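Read through the structure below, which is laid out as structure tokens, and then see the notes.
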Amino acid sequence: MAFPHRPDAPELPDFSMLKRLARDQLIYLLEQLPGKKDLFIEADLMSPLDRIANVSILKQHEVDKLYKVESKPALSSSEQLCFLVRPRIKNMRYIASLVNADKLAGRIRKYKVIFSPQKFYACEMVLEEEGIYGDVSCDEWAFSLLPLDMDLLSMELPEFFRDYFLEGDQRWINTVAQALHLLSTLYGPFPNCYGIGRCAKMSYELWRKLEEEEDSEAKGRRPEIGHIFLLDRDMDFVTALCSQVVYEGLVDDTFRIKCGSVDFGPEVTSCDKSLKVLLNAEDKVFSEIRNEHFSNVFGFLSQKARNLQAQYDRRRGMDIKQMKNFVSQELKGLKQEHRLLSLHIGACESIMKKKTKQDFQELIKTEHALLEGFNIRESTNYIEEHIDRQVSPIESLRLMCLLSITENGLIPKDYRSLKTQYMQSYGPEHLLTFSNLRRAGLLTEQAPGDALTAVESKVSKLVTDKAAGKITDAFSSLAKRSNFRAISKKLNLIPRVDGEYDLKVPRDMAYVFSGAYVPLSCRIIEQTWPRKTTRLPASPCASSWWCSWVAARSLRSQPCGSWAERRGTGSFS
Amino acid sequence: MDCYTANWNPLGDSAFYRKYELYSMDWDLKEELRDCLVAAAPYGGPIALLRNPWRKEKTASVRPILEIYSASGMPLASLLWKSGPVVSLGWSAEEELLCVQEDGAVLVYGLHGDFRRHFSMGNEVLQNRVLDARIFHTEFGSGVAILTGAHRFTLSANVGDLKLRRMPEVPGLQSAPSCWTTLCQDRVAHILLAVGPDLYLLDHGACSAVTPPGLPPGVSSFLQMAVSFTYRHLALFTDTGYIWMGTASLKEKLCEFNCNIRAPPKQMVWCSRPRSKERAVVVAWERRLMVVGDAPESIQFVLDEDSYLVPELDGVRIFSRSTHEFLHEVPVASEEIFKIASMAPGALLLEAQKEYEKESQKADEYLREIQELGQLTQAVQQCIEAAGHEHRPDMQKSLLRAASFGKCFLDRFPPDSFVHMCQDLRVLNAVRDYHIGIPLTYSQYKQLTIQVLLDRLVLRRLYPLAIQICEYLRLPEVQGVSRILAHWACYKVQQKDVSDEDVARAINQKLGDTPGVSYSDIAARAYGCGRTELAIKLLEYEPRSGEQVPLLLKMKRSKLALSKAIESGDTDLVFTVLLHLKNELNRGDFFMTLRNQPMALSLYRQFCKHQELETLKDLYNQDDNHQELGSFHIRASYAAEERIEGRVAALQTAADAFYKAKNEFAAKATEDQMRLLRLQRRLEDELGGQFLDLSLHDTVTTLILGGHNKRAEQLARDFRIPDKRLWWLKLTALADLEDWEELEKFSKSKKSPIGYLPFVEICMKQHNKYEAKKYASRVGPEQKVKALLLLGDVAQAADVAIEHRNEAELSLVLSHCTGATDGATADKIQRARAQAQKK
């Protein structure tokens with residue numbers, strides 16, 4: 001289904017196994033605390049949990065009431081409390097306050113803390129410091145991989161990015177290694193493994209160690225997963241910073257896709273309730289348009305609507321028997337499709353309302369200019385105006401970061417003035433934001449040694465013909481850390497197209513950014529792909545298509561802590 | 001062969017007992033056995049002797065010697081006894097020697113005389129002294145039972161997990177019982193004691209008098225009692241020379257015997273075979289040994305010298321100064337084969353094989369006879385089984401040869417039993433060897449299991465033999481060879497005369513990467529012997545960091561532990577070390593250690609951020625990290641402080657830190673914020689409303705919305721708000737207020753730095769076309785088209801675009817042309833385009 005047009009695509013591994021595994025483990029853990037109990041769930045575990053076990057399953061295992069873990073004291077009256085939390089110190093203190101309050105009141109209850117995906121020593125330490133280590137029992141729910149779709153897994157670790165890339169905290173790497181281990185145990189050992197970045201390397205090494213410690217019998221099994229790519233997010237920030245323009249990306253931008261599902265508000269559903277919709281390959285309409293450039297989507301949807309109408313219309317000429325057949329077999333499918341279609345059309349309208357305004361066009365234009373590296377001054381002015389007008393705090397930051405990365409840091413004057421402007425607009429507390437962004441390498445100041453790049457931007461402003469491109473590249477390779485330009489030249493990330501970029505039948509994966517940029521991570525996968533094992537006709541469109549698809553879906557919408565695994569076009573010989 | 005059954009003695013009609021020599025002992029005993037405390041472990045275990053000087057009067061000036069021998073009399077250890085008087089010796093199931101002292105202390109020694117540990121049997125025992133003690137074995141381990149001077153019993157059922165139980169008092173007990181023993185029923189240890197003609201059973205809570213059924217009258221005292229190896233049977237010897245044999249529950253009498261000897265026997269033990277119906281008791285006096293059972297006659301042996309009986313699972317070992325013998329009931333298979341004139345299939349097969357070797361045709365006759373009866377399978381089985389019960393290798397061989405011969409005439413005889421018996425016998429013969437001295441019988445071996453046997457070999461430091469056995473039996477490495485190698489290594493590290501390097505190298509050479517070997521265990525042992533350096537060297541070979549680190553910490557090599565933990569990538573491990581370090585080092589040193597380990601540092605910072613903010617500050621201070629310190633104070637100004645003064649103070653500290661960090665920008669920004677905060681406070685006081693924590697932009701906007709234009713302008717000047725921002729801001733605010741008059745005034749105040757298109761946009765947003773038009777005329781030519789389009793005036797936009805001859809503008813206008821209304825305009829544009837192209 002993922003590659004309907006590719007008959008030779010091998011079947012996907014059965015990822016629903018991961019779900020069943022997680023569910024069974026959770027049930028086992030719940031049963032460890034026999035009898036009625038109240039379950040406290042951490043907010044950001046709710047959506048993943050929902051995908052694994054719904055409320056009725058929880059009730060079957062004697063979960064009485066569900067509470068959210070929050071700062072308020074809980075009013076549970078149950079004799080047994082079970083906490084399902086991330087291993088965060090904040091949560092430990094919450095639990096400790098609850099237990100200690102009970103102690104003061106002379107109340108005796110049973111407490112169980114289930115950490116997902118694993119527990120950390122620091123958490124147990126805090127429990128001990130708070131004096132309740134002996135009162136609670138701790139367990140781990142090793143739920144490290146959630147299948148969001150039949151071909152997309154996510155670890156759902158929102159703090160990974162911050163912890164690792166900002167704070168340098170490596171504790172999640174073990175979790176990644178364990179997830180890899182799980183995959184290789186379930187789906188056979190991976191014949192090929194690639195990676196870029198420090199974190200990827202560490203994860204790989206830890207994972208290897210795990211494999212060595214455990215003499216798995218899986219050796220010699222037929223591998224279901226052929227290639228593993230481990231990529232650090234920080235090697236390609238640009239992809240995450242550009243505006244999304246394929247349908248799924250825009251849905252995410254507008255409504256936020258969480259754990260593979262989205263809440264469509266009343267303006268989409270055209271009734272007064274909002275609706276939670278699962279966006280995956282099972283949604284036939286969505287699966288056809290998710291990766292299309294937005295400009296094509298409306299056309300497609302109206303075509304679809306016409307087809308649907310025609311199908312409905314067929315019933316006119318029917319006799320009784322045919323009608324019976326139609327009602328019993330096709331009508332339900334049609335109705336379903338009808339419902340989905342109207343939803344997506346509604347969503348499209350909402351997106352159009354927001355995105356077709358002048359502002360969005362200007363934003364995209366600026367992004368493209370930044371990527372191509374011309375009119376830097378104009379773009380900087382645009383960003384400044386963007387800030388001054390308080391358009392959107394997050395988008396302003398996004399543009400600033402994009403400017404910084406493509407230009408290898410801001411020139412000191414701009415760096416100061418943009419920051420000043422930003423703080424005037426959104427408050428002085430963003431001094432901390434900027435300090436963090438600098439540490440993560442997202443928004444930096446050009447070091448004096450990088451003055452060359454400043455010259456470069458001036459040069460490119462002056463001369464905008466082909467010669468300029470060469471000069472730019474020359475300068476880039478001279479600059480110590482300027483990587484974006486060098487890399488994008490080397491890997492041809494910014495397609496040079498004569499005339500209009502054809503978004504309907506794209507020639508490369510840059511279409512996901514309206515032809516402005518090929519996501520680096522995907523290009524690397526494409527380049528690393530062992531060509532000789534591909535049985536395909538060498539059509540660049542076909543082979544790059546799925547890469548962009550991964551880019552648009554996983555790397556974009558889940559910028560951190562998640563990674564996609566695909567087994568695409570290759571055959572394993 | 002003729003005399004093979006010569007040493008068989010019939011007891012009753014159905015059973016034979018035989019006694020054969022295991023070893024001739026060449027131990028060089030200085031004392032008579034009778035002068036010694038003797039303890040011999042079951043399952044062919046070692047023998048401990050302690051010359052008992054305390055029995056005689058006050059010769060304690062000579063210290064006694066504790067000697068340990070193998071069952072074959074090879075000396076294993078000899079040490080001078082330096083502790084107090086010993087009452088009793090006994091071996092635990094782990095072959096540790098328990099020495100019960102008079103004061104109730106129990107000293108535990110290893111097989112090689114190495115002191116292991118000691119424990120006490122309690123205060124009561126200490127006060128009343130030990131009168132008598134027994135070591136007994138249950139399925140849980142080995143227990144100690146003690147009779148104190150106060151005629152009370154204390155026992156512990158498992159010395160490995162010491163729980164003392166004081167047994168209830170026997171009413172009216174004035175003197176020590178004439179004999180007593182421990183029983184084990186329903187997993188609980190009891191004590192049975194005899195006082196005069198009465199028997200008492202002590203269990204957990206009560207003391208009950210018991211009477212064995214069928215006891216003849218006239219018994220005035222019990223002289224000896226014996227409980228069988230499995231605790232199922234009990235034998236009582238009375239002062240009338242009568243022996244009562246029955247179940248240990250005392251509910252049933254099995255048989256009785258009257259030997260008419262009134263002298264108290266020295267020892268009495270059961271001699272029975274598992275699953276045998278025969279019951280027999282061996283009674284020993286000074287020079288006489290008697291086997292009695294359910295038969296009117298007994299078997300009698302003469303003892304030439306002092307002997308000692310060791311009850312075994314399937315018989316009795318008897319050792320003396322010169323020999324070591326085994327007495328047991330002849331097993332069924334052997335009996336069938338070797339009984340005189342036996343016609344059992346096994347016997348015939350053995351005969352057939354012998355004839356075959358003599359190349360006599362009788363072989364065929366015998367074989368035919370067995371086959372005619374269809375008993376060949378049974379014959380082979382019998383021969384295999386009997387081979388197992390033979391002690392002499394030549395007999396084993398001839399029986400196995402017979403079995404192998406018989407097998408040839410069978411179609412489908414499963415080979416396992418034959419192969420296993422050959423293997424087992426090979427192992428048994430090896431351990432029975434004089435030099436090894438573990439005289440196990442086949443039944444004992446099966447009961448003990450190969451794993452335990454290997455453990456016992458390891459305990460005797462017979463590593464090569466153990467490894468050979470493992471390899472011979474092809475045991476999995478983890479259970480077999482590597483386990484033994486690990487034990488060897490643990491022994492090796494105790495050799496103090498060898499240098500650390502040599503030991504480490506030797507161990508690594510032998511062990512290599514053998515799976516299942518834990519270098520950390522060996523290292524722990526080395527550390528236990530005080531060889532820290534060796535332990536560290538050994539830990540280098542340990543691949544699992546999780547195992548390295550705790551030991552390194554224990555050895556106080558915390559810094560090494562830290563780097564190992566970091567190498568492992570396991571943050572939990574790093575954290576464990578960190579907390580350890582934190583408690584061990586003073587703060588300064590701790591921080592210095594962290595400084596060199598960035599990974600640990602960031603981990604610790606993360607923890608502090610949530611749990612110990614003050615420590616975090618100290619960390620930054622230590623590193624002179626003023627930038628982070630500044631950020632820290634800024635964060636504090638939001639989180640910790642409620643009062644405005646507190647916040648300003650925190651910000652001031654932050655600003656100072658930023659100055660130190662040479663981050664003037666941040667310092668200035670912070671100072672601005674302080675100013676803003678104070679000002680917002682003043683505004684709230686003077687004007688009311690909410691100002692605190694608004695951004696500068698929002699503060700000004702709020703002022704304008706509230707109609708305080710003067711103040712707004714003042715603020716903009718004070719904080720040097722750029723013109724562009726101010727214009728955007730005012731524009732938006734005034735439009736929100738719909739104060740068109742003021743907006744117009746503002747627009748005319750000077751030339752707009754942001755152009756006039758935004759004015760048009762904002763008016764249209766408020767749906768005020770009238771006002772919008774005013775500004776449209778002032779929009780610069782390059783944005784005119786856009787302005788006109790905003791106003792909805794497509795036609796005029798088209799005109800302007802055509803005038804500009806701008807292709808982009810033309811298409812923009814065209815895209816705004818909708819349906820019929822703008823049809824004319826669209827045509828016009830197309831025409832203009834065509835014209836332009838012509839040119």
Side-chain angles (χ1 to χ4, degrees), chain A residues 88-90 92-93 118-126 129-130 163-164 166-175 177 202-203 205-206 209 212-213 215 358 381 384-385 387-390 393 412 415-417 419-432 434-436 438-439 445, chain B residues 515 543-545 566 568-576 579 598-599 601-603 605-607 609-611 627-628 630-631 634-635 637-638 651 654 658 663 665-666 668-670 672-673 676-677 693-698 700-701 719 721-722 724-729 732 754 758 761 786 790:
Chain A
R88 294 174 183 144
I89 288 174
K90 182 183 81 185
M92 297 306 106
R93 286 226 291 270
Q118 66 176 113
K119 72 179 166 206
F120 287 125
Y121 183 65
C123 292
E124 290 179 299
M125 253 289 302
V126 174
E129 274 181 10
E130 302 278 339
D163 279 353
Y164 178 76
L166 179 63
E167 314 278 5
D169 183 342
Q170 304 176 358
R171 60 195 174 139
W172 294 110
I173 291 175
N174 200 19
T175 321
M202 284 192 285
S203 311
E205 279 167 0
L206 267 184
K209 226 186 258 176
E212 276 159 24
E213 268 173 35
D215 276 331
Q358 199 74 24
N381 290 343
E384 202 170 317
E385 186 187 307
I387 296 168
D388 284 352
R389 290 171 53 197
Q390 291 185 311
Y415 184 61
R416 296 170 73 98
S417 82
K419 281 202 298 187
T420 314
Q421 294 301 322
Y422 193 86
M423 284 194 287
Q424 284 191 359
S425 273
Y426 300 112
E429 66 269 28
H430 289 288
L431 196 60
L432 296 177
F434 288 116
S435 142
N436 284 345
R438 206 180 62 143
R439 263 183 29 210
E445 184 177 1
Chain B
R544 292 162 300 167
S545 325
I566 290 170
S568 79
D570 181 344
T571 47
D572 273 3
L573 211 53
V574 177
F575 211 86
T576 319
L579 289 179
M599 187 257 197
L601 179 61
S602 43
L603 197 70
R605 268 195 205 140
Q606 280 283 81
F607 175 73
K609 216 168 252 180
H610 295 285
Q611 195 67 1
Q627 172 65 32
E628 286 302 324
S631 301
I634 291 203
R635 211 166 279 124
S637 83
Y638 283 98
L651 287 173
F658 284 134
N663 187 344
F665 173 79
K668 284 259 155 48
T670 311
D672 278 353
Q673 191 194 351
L676 184 64
L677 265 181
D693 279 335
L694 289 182
S695 70
L696 182 60
H697 187 108
D698 294 340
V700 178
T701 308
F719 283 89
I721 294 182
K724 274 189 186 175
R725 172 189 295 279
L726 193 63
W727 276 69
W728 276 112
L729 188 159
T732 322
I754 53 171
E761 268 175 34
K786 278 185 192 163
L790 275 170

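Each chain gets a letter, A, B and so on, in the order the sequences are listed, and its residues count up from 1. These numbers come from the heavy atoms of this one structure, side chains and all, not from hydrogens, waters or symmetry mates. Bear in mind that the values here come from a model prediction, so they are computed numbers and not experimental data.
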Top contributor to chain B contacts, counting heavy-atom pairs under 4.5 Å, from A/Met202, A/Glu429, A/His430: A/Glu429
Closest contact, heavy atoms only, B/His697 versus A/Asp388: CE1-O, 3.1 Å
Single hit among A/Gln424, A/Gln390, A/Met423 for side chain to side chain contact (heavy atoms under 4.5 Å, CB included) with B/Ser695: A/Gln390
Contacting moiety of B/Ile754, where chain A heavy atoms sit under 4.5 Å: neither
B/Gln606 side, atom CD; A/Leu166 side, atom CG - distance, nearest 0.5 Å: 8.0 Å
Portion of A/Tyr426 that has a non-hydrogen atom of chain B nearer than 4.5 angstrom: backbone
Contacting moiety of A/Arg439, where chain B heavy atoms sit under 4.5 Å: side chain
Gap between atom OG of B/Ser631 and atom CZ of A/Phe434 - 0.5 Å precision: 13.0 Å
Per-residue contact mode, A/Ile173 against chain B (heavy atom under 4.5 angstrom): neither
CG on B/Leu603 to CG on A/Asp163, rounded to 0.5 Å: 10.0 Å
Donor-acceptor under 3.5 Å (A/Asn174 side chain, B/Asp570 main chain): no
Contact class of A/Lys209 relative to chain B, heavy atoms under 4.5 angstrom: side chain
Side chain to side chain, B/Lys609 and A/Glu167, heavy atoms closer than 4.5 Å: yes
Partner chain A: residue of B/Lys668, B/Arg605, B/Gln627, B/Gln673 with the largest heavy-atom pair count (under 4.5 Å): B/Gln673
Partners passing ring pair (Phe, Tyr, Trp, His ring centres under 6.0 Å) against A/Tyr415 (at least two apart in sequence or in another chain): none
A/Leu206 to B/Ser568 - nearest heavy-atom pair and separation: CD2-O, 3.1 Å
Side chain / backbone / both / neither for B/Thr732 at chain A, heavy atoms under 4.5 Å: neither
Check: A/Glu384 and B/Arg725 side chains under 4.5 Å, non-hydrogen atoms: no
Which of B/Thr576, B/Asp698, B/Ile634, B/Leu573 touches chain A most, by non-hydrogen pairs under 4.5 Å: B/Thr576
Contacts of B/Trp728 that satisfy ring pair (Phe, Tyr, Trp, His ring centres under 6.0 Å) - sequence neighbours left out: none
Chain B contact via A/Met125 - which portion, at a heavy-atom distance below 4.5 Å: side chain
4.5 Å side-chain heavy-atom contact, B/Val574 and A/Tyr121: no
Crowding at CZ, A/Arg93 (>12 non-hydrogen neighbours, <6.0 Å): yes
For chain B, the option from A/Gly427, A/Pro428, A/Ser435, A/Ala177 that forms the most heavy-atom pairs under 4.5 Å: A/Pro428
Toward chain A, the part of B/Thr571 with a non-hydrogen atom under 4.5 Å: side chain
Side-chain heavy-atom pair A/Glu130, B/Gln611 within 4.5 angstrom cut-off: yes
Chain B contact via A/Ser417 - which portion, at a heavy-atom distance below 4.5 Å: neither
Interatomic spacing from CG in B/Asp672 to CG in A/Leu431 - rounded to 0.5 Å: 11.0 Å
Rounded distance (nearest 0.5 Å) linking atom CZ of B/Arg635 with atom CG of A/Leu432: 5.0 Å
